[in-house]
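A quick write-up on the structure given underneath.
Here, residue 1 is the first one in the sequence, and each next residue gets the next number.
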Amino acid sequence: YPLSVQMRPSNIDGAKGAYSLILEAFAEGNREQLKDLLTDDVYAVYDQAITDREANNLTQVTDLARLKGAEIVAAEKAGSLAKISVQFEAELSSALVDADGKTVDGDPDLLSSISEVWTFERKLKSKDPNWHLADVAPSEGDDLEADPTPDTTA
């Protein structure tokens with residue numbers, strides 16, 4: 001990847017933290033926290049997924065058992081916008097349960113290995129030091145019936 005955008009080890013640690021926070025916030029339907037972690041476009045996708053879940057009286061149950069790795073796979077700078085793509089390798093379980101606690105999709109006890117590329121962006125001149133999730137590519141690996149995070153790229 002181009003060296004025009006440098007990522008320090010602390011930034012990759014931040015990306016790992018963001019991965020966990022976003023998984024948790026989406027499962028909990030915590031729109032307020034998601035608003036601070038996502039770009040407006042990604043927030044709209046996540047908000048709609050939460051709204052659809054709520055309309056069907058479903059709850060997302062996601063357990064990140066282990067984040068096996070996070071590696072920068074691309075970085076670019078376009079004008080005043082920096083983007084960094086991170087490939088996450090994780091083991092997790094995910095399910096949708098109804099109001100009675102009955103699993104309707106996925107399996108809360110079955111761990112799956114997934115590989116996803118998340119792209120974060122940040123306006124370089126912004127006073128906000130935080131990177132925001134701008135894209136989630138479809139996962140590779142085990143197919144999860146109950147996706148723990150909506151994809152934003154087909």
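- At a threshold of 4.5 Å between non-hydrogen side-chain atoms, the residues Thr62 and Ser94 count as touching.
- Going from atom CD of Glu76 over to atom CD1 of Ile84 covers 10.5 Å, rounded to the nearest 0.5 Å.
- Note that the CG atom of Leu58 and the CG atom of Asp105 stand 8.5 Å from one another [nearest 0.5 Å].
- Contact check for Ile114 versus Leu92: side-chain heavy atoms found under the 4.5 Å cut-off.
- Judged as a salt bridge (charged side-chain N to carboxylate O under 4.0 Å, His left out), and not counting sequence neighbours, Glu89 has no contacts.
- Contact of the Leu81 side chain with the Lys123 side chain is registered, since non-hydrogen atoms from C-beta on lie closer than 4.5 Å.
- In the displayed structure, Lys68 atom NZ is contacted under 6.0 Å by more than 12 heavy atoms of other residues, nucleotides or ligands.
- Considering every non-hydrogen atom in both Val73 and Val117, the closest pair reads CG2-CG1, 4.1 Å.
- Heavy-atom minimum distance, Leu124 versus Ala82: CD2-CB, 3.6 Å.
- Among all heavy-atom pairs drawn from Gln33 and Ala25, the shortest one is OE1-CB, 3.5 Å.
- Between Phe120 and Ala18, the shortest heavy-atom contact is CE2-CB, 4.0 Å.
- Annotation: the span from Ser126 atom OG to Trp131 atom CH2 amounts to 11.0 Å, rounded to 0.5 Å.
- Residues passing the salt bridge (charged side-chain N to carboxylate O under 4.0 Å, His left out) test with Arg31 are Asp47, Glu54, sequence neighbours excluded.
- A donor-acceptor pair under 3.5 Å is formed between the side chain of Ser93 and the backbone N or O of Pro108.
- At least one side-chain heavy atom of Ile50 sits less than 4.5 Å from a side-chain heavy atom of Leu34.
- Here the closest non-hydrogen pair linking Asp135 and Val42 is N-CG2, 3.9 Å.
- By the 4.5 Å heavy-atom criterion applied to side chains, Ile22 and Trp118 are counted as neighbours.
- In this pair, Tyr46 and Phe26 present their aromatic rings perpendicular. The plane angle is above 60°, beyond the 30 to 60° band.
- Considering only heavy atoms from C-beta on, Lys35 comes within 4.5 Å of Asp40 through its side chain.
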Can you give each donor-acceptor pair under 3.5 Å made by side-chain atoms of residues 95-103, sequence neighbours left out, with the distance rounded to 0.1 Å?
from, atom 1, to, atom 2, distance (Å)
Asp98, OD1, Asp100, N, 2.9
Asp98, OD1, Gly101, N, 3.1
Asp98, OD1, Lys102, N, 2.9

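- Following chains of ILVMFWY side-chain contacts shorter than 4.5 Å, one cannot reach Leu64 starting from Val61, and the two form parts of different hydrophobic clusters.
- Taking every heavy atom of both residues into account, Pro129 and Arg122 meet most closely at O-NE, 3.3 Å.
- With respect to Arg66 and Glu91, a salt bridge is recorded, a charged nitrogen being found less than 4.0 Å from a carboxylate O.
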